[in-house]
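In what follows, residues are counted from 1 in the order of the sequence shown.
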Amino acid sequence: MASKLTIGNALHHMVTHGLTTQRFTLRPFQRADLEAFTAYRAEPKVAKYQSWTDYSYSDAVALFENIDYAQFGAAETWFQLAIVSTASAETPATLVGDLALHFIDEQQMEIGFTIAPEYQGQQVAFEAVSALLDFLFVALDKHRVIAITDTQNLASCRLLEKLGFRREAHYVKNIFFKGAWGDEYLYAMLREDYIAP
């Protein structure tokens with residue numbers, strides 16, 4: 001098991017430097033991200049299976065101002081991480097989506113993901129969530145990671161299953177969502193599922 005010092009260093013590194021994948025950096029949000037964040041969250045295609053309907057810049061500011069990255073890793077807290085493309089000589093770094101992290105307790109996590117429409121279908125979520133799982137299970141030594149999705153959100157279901165998540169529950173008409181009762185799937189992965197293969 002990783003020591004508290006090692007985990008503390010990993011948490012600090014995430015907040016100060018983020019995680020780097022082949023094409024992206026996963027890092028805390030910055031105020032400069034909020035305009036692009038608002039733009040894709042306001043898209044009906046993106047909002048369809050999310051809790052919001054009409055997402056505004058003031059919603060983005062409120063979310064940003066309520067996140068205290070100094071508390072990153074504390075139990076019972078939520079955080080958003082920006083998924084930002086790697087800059088090159090031809091193209092600047094661009095916000096392409098975000099990850100939600102819920103530190104349920106000391107050992108369990110809930111995650112979520114949202115990708116801007118123009119970057120969907122390009123393996124963005126797969127690459128970002130793969131890196132996030134490595135961080136959670138290897139660097140932070142978490143026991144279990146869950147994700148909850150609408151049963152009709154087939155793209156999310158396919159992604160979670162491709163990543164190796166197990167569908168553990170089908171909640172029937174458990175959430176009153178945008179004027180109707182809806183079903184949700186709960187997916188989960190244990191550290192031993194991730195590490196053993």
Side-chain angles (χ1 to χ4, degrees), residues 2 10 14 18-27 37 40-41 43-52 55 73 77-86 95-178 180-197:
M14 168 61 91
L19 294 177
T20 303
T21 74
Q22 186 175 350
R23 297 180 294 162
F24 308 109
T25 298
L26 317 179
R27 59 156 173 77
F37 180 66
Y40 70 72
R41 281 200 162 201
E43 288 278 346
K45 179 181 176 182
V46 172
K48 183 174 182 179
Y49 299 113
Q50 303 282 11
S51 59
W52 61 85
Y55 205 81
T77 55
W78 279 92
F79 297 91
Q80 300 292 133
L81 294 178
I83 306 171
V84 181
S85 65
T86 303
L95 180 70
V96 301
D98 63 274
L99 300 170
L101 284 75
H102 177 201
F103 290 83
I104 298 170
D105 56 30
E106 293 295 325
Q107 293 297 321
Q108 300 185 89
M109 299 289 306
E110 178 181 357
I111 63 167
F113 40 85
T114 306
I115 307 300
E118 61 269 34
Y119 297 99
Q120 291 179 8
Q122 299 176 34
Q123 301 292 310
V124 174
F126 182 81
E127 187 173 326
V129 176
S130 294
L132 179 63
L133 290 173
D134 200 64
F135 175 71
L136 296 176
F137 284 126
V138 178
L140 299 190
D141 198 35
K142 295 299 182 184
H143 166 67
R144 188 168 186 259
V145 176
I146 67 166
I148 298 172
T149 187
D150 190 293
T151 59
Q152 295 181 40
N153 190 345
L154 301 181
S156 286
C157 295
R158 282 193 299 268
L159 172 67
L160 291 165
E161 289 165 11
K162 182 179 177 182
L163 286 162
F165 279 80
R166 175 180 45 255
R167 187 186 299 172
E168 290 193 346
H170 179 173
Y171 301 124
V172 180
K173 294 186 178 180
N174 70 309
I175 183 168
F176 194 75
F177 183 72
K178 299 186 178 177
W181 287 101
D183 290 16
E184 292 180 315
Y185 289 140
L186 181 143
Y187 285 90
M189 185 186 293
L190 296 173
R191 185 177 185 275
E192 59 239 46
D193 299 331
Y194 183 81
I195 300 296

Between [X] and [Y], is any pair of side-chain heavy atoms under 4.5 Å apart?
X      : Y      : answer
Ser85  : Tyr119 : no
Gln120 : Val46  : yes
Leu26  : Thr20  : no
Trp78  : Glu110 : yes
Phe113 : Leu160 : yes
Thr151 : Tyr49  : no
Leu133 : Met189 : yes
Gln108 : Val145 : no

Lys48 and Asp150 ion-paired at < 4.0 Å: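 Looking at Asp150 together with Lys48, the answer is no, because their closest N to O distance does not fall below 4.0 Å.
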
Are Arg166 and Glu168 ion-paired here, with the side-chain N under 4.0 Å from a carboxylate O?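 So Arg166 pairs with Glu168 through a salt bridge.
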
For a side-chain contact (heavy atoms from CB on, under 4.5 Å) check, start with the C-alpha distance between Leu186 and Ile146, then their side-chain angles and the critical distance, and finish with the verdict. CA-CA 7 Å; Leu186 181 143; Ile146 67 166; 4.3 Å; yes

With rounding to the nearest 0.5 angstrom, report the [atom1] to [atom2] distance, [X] to [Y].
X      : Y      : atom1 : atom2 : result
Thr149 : Arg158 : OG1   : CZ    : 11.0 Å
Met109 : Leu132 : CE    : CG    : 7.0 Å
Ile115 : Ser156 : CD1   : OG    : 9.5 Å
Ser130 : Gln123 : OG    : CD    : 9.0 Å

Using modelled atom types only, decide if a donor and an acceptor are shared between the side chain of Arg191 and the backbone of Phe137 within a distance under 3.5 Å.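 Yes, because the side chain of Arg191 sits within donor-acceptor range (under 3.5 Å) of the backbone of Phe137.
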
For Asp134 and Ala131, indicate whether the former's side chain and the latter's backbone hold a donor-acceptor pair under 3.5 Å.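 Looks like no, no N/O pair under 3.5 Å.
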
Distance alone, cut at 3.5 Å: any donor-acceptor contact between the side chains of Glu161 and Tyr187?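 Yes, Tyr187 and Glu161 have a side-chain donor paired with an acceptor closer than 3.5 Å.
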
Tyr40 versus Asp98, side-chain donor and acceptor atoms under 3.5 Å: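 Short answer, yes.
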
I'd like to know whether Ile83 forms a side-chain contact (heavy atoms from CB on, under 4.5 Å) with Leu95, so could you lay out the CA-CA distance, the side-chain angles of the two residues, the decisive distance to 0.1 Å, and finally the verdict. CA-CA 6 Å; Ile83 306 171; Leu95 180 70; 5.6 Å; no

Contact summary for Tyr185 and Cys157, nearest pair of heavy atoms: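 Of all heavy-atom pairs spanning Tyr185 and Cys157, the closest is CD1-SG, 3.7 Å.
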
By ring pair (Phe, Tyr, Trp, His ring centres under 6.0 Å) - contacts of His143 (at least two apart):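 His143 satisfies ring pair (Phe, Tyr, Trp, His ring centres under 6.0 Å) with no residue once adjacent residues are dropped.
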
Name the atoms and distances for all side-chain donor-acceptor pairs under 3.5 Å in residues 169-178, with sequence neighbours left out.
| residue | atom | partner | partner atom | Å |
| --- | --- | --- | --- | --- |
| His170 | NE2 | Asp183 | OD2 | 2.9 |
| Asn174 | ND2 | Glu184 | OE1 | 3.0 |
| Lys178 | NZ | Ala47 | O | 2.4 |
| Lys178 | NZ | Gln50 | O | 3.1 |
| Lys178 | NZ | Trp52 | O | 2.8 |

Let me see the working for Leu81 and Met14 under side-chain contact (heavy atoms from CB on, under 4.5 Å), right down to the final yes or no. CA-CA 10 Å; Leu81 294 178; Met14 168 61 91; 3.7 Å; yes

Listed by chain and number, what are the side chain to side chain donor-acceptor pair (under 3.5 Å) partners of Glu127, not counting sequence neighbours?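 For Glu127, the residues satisfying side chain to side chain donor-acceptor pair (under 3.5 Å) (neighbours in sequence not counted) are Thr21, Arg23.
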
Ile111 vs Val129, side-chain contact (heavy atoms from CB on, under 4.5 Å): CA-CA, chis, key distance, verdict: CA-CA 9 Å; Ile111 63 167; Val129 176; 3.8 Å; yes

